[in-house]
Engineer: 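First the structure, which I've put down as structure tokens, then a few questions once you've had a look.
In listed order, ligands and their atoms are each counted from 1.
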Amino acid sequence: MKTLAFSNGDQMPILGLGTWKSEPGQVYAAVREAIRAGYRHLDCALLYGNEAEIGQALRDAFSEGDVTRRDLFITSKLWGNAHGRERVRPALQQSLKDLGLEYLDLYLIHWPIPLSPDTVIPSSPAGFLQPDEAPLHRTWQGLEDAVDAGLVRHIGLSNFSVAKIAALLPHCRLRPEVNQIELHPFLQQEALVSYCQAEGIHVTAYSPLGSSDRPDFMKTGTEPSLLLNDVIASIAASHACTPAQVLLAWHVCRGVSVIPKTVHPARLRENLAAAEIALTAADMATIASLDQGYRFLDGGFWLVDGGPWTRQSLWDEASPAAG
Ligand code: NDP
Ligand code: 1BO
């Protein structure tokens, strides 16, 4: 498996397993099966409500000799209700306790959106903190503290635009090493990917297959299908592989890590095998033409009447089609 290297020599396997919406009752088997199939990179988050069951799968994988801790690259994320330098540590400790780990390989600020402590998804303005109540650079200091304490090896961001990263960088004692963002042929974000790569920040692609199992309140009605797209299907036929594999191989060819979610053994193997598929320059050029600036996770759930966020302040884009 190809890896992305950090400046200290650590390596992040380029294809990992997403675990959002992998239900308790299913995620234990999915993680055990994924590790047996060869996955060495797991993407988790406190928000996903399944870290304790993932932790049980990890403990059993270690005790039964499938892998050692050092074989795995494990990410978790800080939700907005724990922004603020002093509040990072308790949230991180909760993830570590649930996952049964002494350290994470990577810890991310999940969204650049500070929330009040008792809020998960806000339904009114009271659910948000004002930016000056928990500035992002103070939260970042909490992640830096976690590196100093040996609780995480690398720290990064998620859902951060160029403007938000550029505003944060001057405050960083330790630079962000990853930005995890939505990416797929319908949302290629060339400018953001290029900026991150030029700044030495690895990019990880979420929702690479279109996230069709996300909750209804995060959907906006009719949406395009990546898996049923004719162009992707024709490239898949030319490589004797599946559309899902083309969608995943595209990131690997772009030097971007990718974390598809599945709980099904056959798909786990299908998705992992995609990391070995080499798309041609012609395939990449054809896929480039599919960009339409389309977000499956458009962040509409952050836009509360009277709240502090707008689509513009969330994504810092001039228009939905901006790169
Ligand atoms: P994905 O794009 O990975 O799509 C998941 C859906 O695709 C599921 O319905 C899954 O079904 C299905 N699927 C998986 N493999 C195949 C296949 N080979 N063929 C057909 N269908 C397939 O969506 P996610 O939104 O889950 O994104 C992936 C991961 O990224 C998340 O799980 C999470 O870890 C991370 N993420 C991070 C975010 C952030 O804000 N930082 C936001 C969103 C995601 P089934 O399970 O039944 O196989
Ligand atoms: C709000 C959805 C986050 C998934 O990572």
Side-chain angles (χ1 to χ4, degrees), residues 15-23 25-27 29-31 33-34 37 39 41-51 54 73-81 106-113 115 119-122 156-160 178-187 203-219 223-229 232-233 236 241-251 256-275 277 294-303 309 314-315:
L15 192 144
L17 178 67
T19 63
W20 180 36
K21 312 167 267 71
S22 296
E23 301 297 334
Q26 291 189 316
V27 74
V31 170
E33 186 64 23
Y39 283 80
H41 171 177
L42 296 180
D43 183 74
C44 312
L46 190 62
L47 176 80
Y48 302 163
N50 55 12
E51 290 192 325
I54 293 172
F73 187 97
I74 302 176
T75 302
S76 187
K77 315 189 193 82
L78 178 82
W79 195 240
N81 55 14
L106 178 62
Y107 198 48
L108 306 176
I109 299 181
H110 205 148
W111 287 79
I113 300 194
L115 303 173
T119 297
V120 178
I121 300 280
L157 310 169
S158 177
N159 296 297
F160 273 58
V178 171
N179 189 22
Q180 184 179 121
I181 54 176
E182 180 178 338
L183 279 184
H184 42 70
F186 296 162
L187 182 70
V203 177
T204 297
Y206 75 64
S207 302
L209 304 175
S211 195
S212 61
D213 59 346
R214 70 197 189 285
D216 285 345
F217 78 91
M218 294 186 187
K219 294 183 175 172
E223 55 188 36
S225 170
L226 288 162
L227 288 164
L228 297 179
N229 180 270
I232 299 295
C241 70
T242 66
Q245 289 177 317
V246 170
L247 293 167
L248 300 174
W250 178 70
H251 297 284
V256 162
S257 64
V258 60
I259 46 172
K261 172 264 174 184
T262 183
V263 291
H264 294 106
R267 286 178 175 173
L268 282 167
R269 287 179 166 73
E270 174 188 340
N271 294 350
L272 188 67
I277 295 170
Y294 185 86
R295 291 182 188 278
F296 291 99
L297 227 66
D298 72 353
F301 44 90
W302 299 121
L303 311 182
W309 291 93
L314 183 57
W315 301 120

Engineer: Closer than 4.0 Å to some heavy atom of Asp43 - which atoms of ligand 1 meet that?
Structural biologist: 33 (C), 34 (O), 35 (C)
Engineer: Name the closest protein heavy atom to atom 37 (C) of ligand 1, giving the residue it belongs to and the distance to 0.1 Å.
Structural biologist: Gln180 OE1, 3.0 Å
Engineer: Using heavy-atom distances only, which candidate in Trp20, Tyr206, Trp111 approaches atom 36 (N) of ligand 1 most closely?
Structural biologist: Tyr206
Engineer: Would you indicate which of Asp213, Leu226, Thr242 comes nearest to atom 8 (C) of ligand 1 when only heavy atoms are counted?
Structural biologist: Asp213
Engineer: Considering only NZ, NE, NH1 and NH2 on the basic side and carboxylate oxygens on the acidic side, decide whether Asp43 and Lys261 come within less than 4.0 Å.
Structural biologist: no
Engineer: Short list, please: which atoms of ligand 1 are under 4.0 Å from a heavy atom of His264?
Structural biologist: 45 (P), 47 (O), 48 (O)
Engineer: Given Arg267, Glu270, Glu182, which has its nearest heavy atom closest to atom 45 (P) of ligand 1?
Structural biologist: Arg267
Engineer: Charged N to carboxylate O below 4.0 Å: is that the case for Arg214 and Glu182?
Structural biologist: no
Engineer: Considering only non-hydrogen protein atoms, determine which one is nearest to atom 3 (C) of ligand 2 and report residue, atom name and distance to 0.1 Å.
Structural biologist: His110 NE2, 3.6 Å
Engineer: At a 4.0 Å threshold, what atoms of ligand 2 neighbour a non-hydrogen atom of Trp20?
Structural biologist: 2 (C), 4 (C)
Engineer: Counting non-hydrogen protein atoms only, what is the nearest one to atom 3 (O) of ligand 1? Give residue, atom name and distance.
Structural biologist: Lys261 N, 2.9 Å
Engineer: For atom 27 (O) of ligand 1, what's the nearest protein heavy atom and its distance?
Structural biologist: Ser207 N, 3.0 Å
Engineer: Does the residue Tyr206 have a heavy-atom contact with ligand 2, meaning some pair of atoms that are separated by less than 4.0 Å?
Structural biologist: no
Engineer: Number the atoms of ligand 1 from 1 as they appear, then name those within less than 4.0 Å of a heavy atom of Pro260, with their elements.
Structural biologist: 3 (O)
